[in-house]
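All values derive from a computational prediction rather than experimental measurement. Because only heavy atoms are used, hydrogens play no part in the values below, and waters and symmetry mates are left out as well, while side chains stay in.
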Amino acid sequence: MKLPRYPLTVLTTALALAVCGLPAAHAQNDYPNKPIRLIVPFANAGVTDTSARIVAEKLGQQLGQQIVVDNKPGAGGNIGTQMVAKAEPDGYTLLLGYDGTLVINPNVYAKVPFDPVKDFAPIGKIGDALLLIAANPKLGVKNIADLQKYARTLPGGVSYGSAGNGSTTHLAGEMFHQRTGMAMTHVPYKGGGQALLDVVGGTLPITFAAVTGAMPFVKSGQVEALAVTSRERAPSLPNVPTLIEAGLKDFEINSWVGLLAPAKTPQPVLDKLSAALQKVLNDPAMRERLASLGIVATPGTPDAYGKEIVRDLQKNKAITKAAHISLD
């Protein structure tokens, strides 16, 4: 039988394509063969930076390469996030994803320099930083039903504090207002710490705050924890009910952190990163370290994290639109 004869140009082209494909495939199999840069779109210190550093250390050990944390603050996290969106999709530049940047900023700025869904490939969520409603004990309210009764006694309703306009705690307060119909006035602070101190001092009746920041005041009895905004009770506050338990169906809003890569990062690279992250998050010692920061570790698939980003974008769009929240 005669074998078909191909023109020399066809054979040459096919050989060239095969040879060109070898380095890319080898690079993916050999990944990582140099240090990885993890962009944190905020200044050093703070929960986002600290969580990034402790996860980066253990993730680097899993991968056999150092992961260097690189802080790129500015524009509410938009600058650093844009850097990763435009980075080479080779797995050597990663992003510490934060709910404020990825699912709030696109809804409160007229324009952000990245698409939170199209420009990134999820690797996995690291964990949730749970929130609670803290009240001054002198109000005499012990739960959400008491708070609603108290609000009805005030002509202008209840003032509530947050960590600032467009923050997760601001959206939590607006979501609560929209779901309960309770008269409320937002009081933005430059960070949640001062809002908590004003609740302790009695100049502010309630605030939506991170569980980790409020814990010392709850334990000392200086604030009353009325409810947490997560789907499940906070492990550190097992006796405090969720808002779902208080009668607000499907009420869930958390602050979270996760890992993402630029879109079009090769799938084998993403798979390796995701598998390593899951091992890190399933380590009891790591879960304990994250818990000390007020973060509940949430091992899961990249697909689940991607779907959560889409869901939170849509949820926050409804909240911010109804409340007319804008940072422009």
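Hydrophobic cluster membership is shared by Phe114 and Ile104, with clusters built from Ile, Leu, Val, Met, Phe, Trp and Tyr side chains linked at under 4.5 angstrom. Residues Val84 and Ile79 are members of separate hydrophobic clusters, defined by side-chain heavy-atom contacts under 4.5 angstrom among Ile, Leu, Val, Met, Phe, Trp and Tyr. Hydrophobic clustering (ILVMFWY, side-chain heavy atoms < 4.5 Å, transitive): Leu226 and Leu132 are in distinct clusters. Both Leu171 and Val158 are members of a single hydrophobic cluster when ILVMFWY side chains are connected at heavy-atom separations under 4.5 Å. There is no path of hydrophobic side-chain contacts, each under 4.5 Å, that joins Leu95 to Leu281.
For the atom pair CG of Leu94 and CG of Leu59, the computed distance is 8.0 Å after rounding to the nearest 0.5 Å.
Without hydrogens or angle criteria, Asp198 side chain to Thr203 main chain gives no donor-acceptor distance under 3.5 Å. Panel note: side chain His177, backbone Met182; a donor-acceptor pair is recorded below 3.5 Å. Between the side chain of Thr265 and the main chain of Leu270, no donor-acceptor pair closer than 3.5 Å is present. The closest donor-acceptor contact from the side chain of Asp283 to the backbone of Ala285 lies under 3.5 Å. Within the 3.5 Å criterion, the main-chain N or O of Arg289 finds a donor-acceptor partner in the side chain of Ser292. At least one donor-acceptor pair closer than 3.5 Å links the side chain of Thr229 to the backbone N or O of Ile253. Although no hydrogens or angles enter the test, the distance criterion places no donor-acceptor pair under 3.5 Å between the side chain of Thr207 and the main chain of Ala209. Of the possible polar contacts, none joining the Glu57 side chain to the Ile54 backbone as a donor-acceptor pair under 3.5 Å is found. Although no hydrogens or angles enter the test, the distance criterion places a donor-acceptor pair under 3.5 Å between the side chain of Asp115 and the main chain of Val117. With hydrogens and angles disregarded, a donor-acceptor distance shorter than 3.5 Å links the side chain of Asn71 to the backbone of Phe42.
When all heavy atoms of Phe251 and Leu243 are compared, the closest pair comes out as CE2-CD1, 3.4 Å. In this structure, Leu204 and Ala195 approach most closely via the heavy-atom pair CD2-O, 3.7 Å. A pairwise comparison of heavy atoms in Leu313 and Pro116 identifies CD1-CG, 3.7 Å as the closest pair. Smallest separation of non-hydrogen atoms from Gln65 and Asn33: NE2-C, 3.3 Å. Tyr31 and Asp90 get closest at one heavy-atom pair: CE1-O, 3.8 Å. Between Pro205 and Val199, the shortest heavy-atom contact is O-CG1, 3.9 Å.
Side-chain contact between Asp49 and Leu96 is absent, with no heavy atoms from C-beta onward closer than 4.5 Å. Side-chain contact check for Asn254 versus Leu131: every heavy-atom pair is 4.5 Å or farther apart.
Of the charged side-chain nitrogens involved, none lies within less than 4.0 Å of a carboxylate oxygen, so that Lys315 and Glu252 do not count as a salt-bridged pair. Using a cutoff of 4.0 Å between basic side-chain nitrogens and carboxylate oxygens, Asp303 and Lys307 are scored as salt-bridged.
Side-chain polar atoms of Gln278 and Asn282 form no donor-acceptor pair below 3.5 angstrom. For the residue pair Thr320 / Asn107, no side-chain donor-acceptor distance below 3.5 Å is found, with atom types taken as modelled.
Classified by interplanar angle (parallel below 30°, tilted 30° to 60°, perpendicular above 60°), the ring pair His170/Tyr160 is tilted.
Surrounding CD of Gln178 are more than 12 heavy atoms belonging to other residues, nucleotides or ligands, all under 6.0 Å away.
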Derivation and outcome, side chain to side chain contact (heavy atoms under 4.5 Å, CB included), residues Met175 and Asn316: CA-CA 9 Å; Met175 186 176 177; Asn316 291 341; over 6 Å; no
Test log, rule side chain to side chain contact (heavy atoms under 4.5 Å, CB included), inputs Glu224 and Val141: CA-CA 8 Å; Glu224 189 77 46; Val141 300; 5.7 Å; no
